[in-house]
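Presented below is the structure to which this report refers.
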Amino acid sequence: MTSWLEATARERIAGLLDPGSFTEFVPPEARITSPHLAQLNQPAAFDDGVAVGRGTLEGAPMLIAAQEGAFMGGAVGEVHGAKITGLLERALDERAPVLLLLESGGVRLHEANAGLIAVSEIMRAILALRGAGVPVIVLNGGRVGVFGGMGIATCLCDRLIMSEDARLGLSGPEVIETTMGVEEFDAADRALVWRVTGGKNRAIFGEAVLVPDDIAAFRAAIRLDPVPLDVEAEHALLGARLDRFGAAEDALDIWADLGIETPARLPLLDTDDFLSAIEGKLA
Amino acid sequence: MERLEYEFDGGAPVAPRNRPTLTGVLGSGNLEVLVEPADLGGRVRVEVQTAAVGFGAIWQAVLADVFARWQVGDIRVSINDAGATPAVVALRLDQALSDHTGGGA
């Protein structure tokens, strides 16, 4: 068993793909680094915090990108975003499935508008792939989780595989607390943060396939058949969810409403026991 | 930020066909090390970009110690540093040189 959480972006790629099959595009020795960080007199990573390339998974060719959460929280700068967008556009040309190993706080604030534009380009490229029926799979198991623009991008993809340690959201907990007050969301309450944004709650809402924190478990959960995109049905689903659960103060209220027995025990269960506990009780 | 450059006499040249290797991550208190073969007449060249200004003498001491232990030559070592301590730098360089040479030198 190899922990996804503890691995670097490059270790995740190496552990996921067939051994030795990864070929990197724009590798570190090309030194395509962030011009914005240089202007701000900050050290810039040789790969701008993301590795992109091609490889095989059980013999099947695919394209892959992995964000490095330890470099600036996996935040998307201009070069970082262009590497992911370029990979997605290549996938459209080649009709090749894409694995996105995401770990990101969202836009890199140092790069402001360039980072925002980069994220919107990623979203547009994902939607082009959805329209063409080329699958895009997100694997989210890192410490940072996936927030901000990359959280939106994740929800545009065909499938999401998550561990319970990972989180998915739009505004991060600290952002919500800072803008709306601690009564709205207490970012220091880690149990609350994970109940709301963590992999288990995302699995209960049917947004994520939950796997243990193990690279082999992530690999085993990958399904490559494309999911048809029906935006209006998706909107109706989200509207119904808001009507039913909009008044809930905590994910615990939602779990109780779904008829899950003693919902407070859910965060303590391992993946298998958790999946049995929620069987037939999905939102 | 400060940019520092060093050269060492080096030892046995690494294979010029070795692929470039990247080791470590540019996270807080950490560093990344890119090792590439280079035709330097057997010498070692080290380029450091560091967020911590004013530690050139300590970099010199740590790097001299590392390349006294690793008798390798004809390599270019490029480092991006976000305030790693000297011990972390030495360990990361050992890892990077091990990665690049396939474990032995």
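A quick note: this is a predicted structure, and the numbers were derived from the prediction, not measured. Reminder, nothing fancy here: chain letters follow the sequence lines and each chain counts from 1.
With a 4.5 Å cut-off on non-hydrogen atoms, A:A44 touches chain B through its backbone but not through its side chain.
Between B:R43 and B:D74 there is no salt bridge, since no side-chain nitrogen of the basic residue lies less than 4.0 Å from a carboxylate oxygen of the acidic one.
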Looking only at N and O atoms, which donor-acceptor pairs between chain B and chain A are within less than 3.5 angstrom?
unit_1: B:E32; atom_1: OE2; unit_2: A:F46; atom_2: N; d: 2.8
unit_1: B:E36; atom_1: OE1; unit_2: A:R31; atom_2: NH1; d: 3.2
unit_1: B:E36; atom_1: OE1; unit_2: A:R31; atom_2: NH2; d: 2.8
unit_1: B:E36; atom_1: OE2; unit_2: A:R31; atom_2: NH1; d: 3.2
unit_1: B:S78; atom_1: OG; unit_2: A:R31; atom_2: NH2; d: 2.7
unit_1: B:N80; atom_1: ND2; unit_2: A:A44; atom_2: O; d: 2.9

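Contact check for B:Y6 versus B:V44: no side-chain heavy atoms found under the 4.5 Å cut-off. Looking at heavy atoms from C-beta onward, A:V119 lies out of side-chain contact with A:I152 at the 4.5 angstrom threshold.
Every pair tested for ring-ring contact (aromatic ring centres under 6.0 Å, His included) that includes a residue from residues 22-57 of chain B fails, sequence neighbours excluded, so the list is empty.
The ring-ring contact (aromatic ring centres under 6.0 Å, His included) check on A:F71 picks up nothing, with sequence neighbours excluded. Residues that satisfy the ring-ring contact (aromatic ring centres under 6.0 Å, His included) test with B:F8, not counting sequence neighbours, are B:F67.
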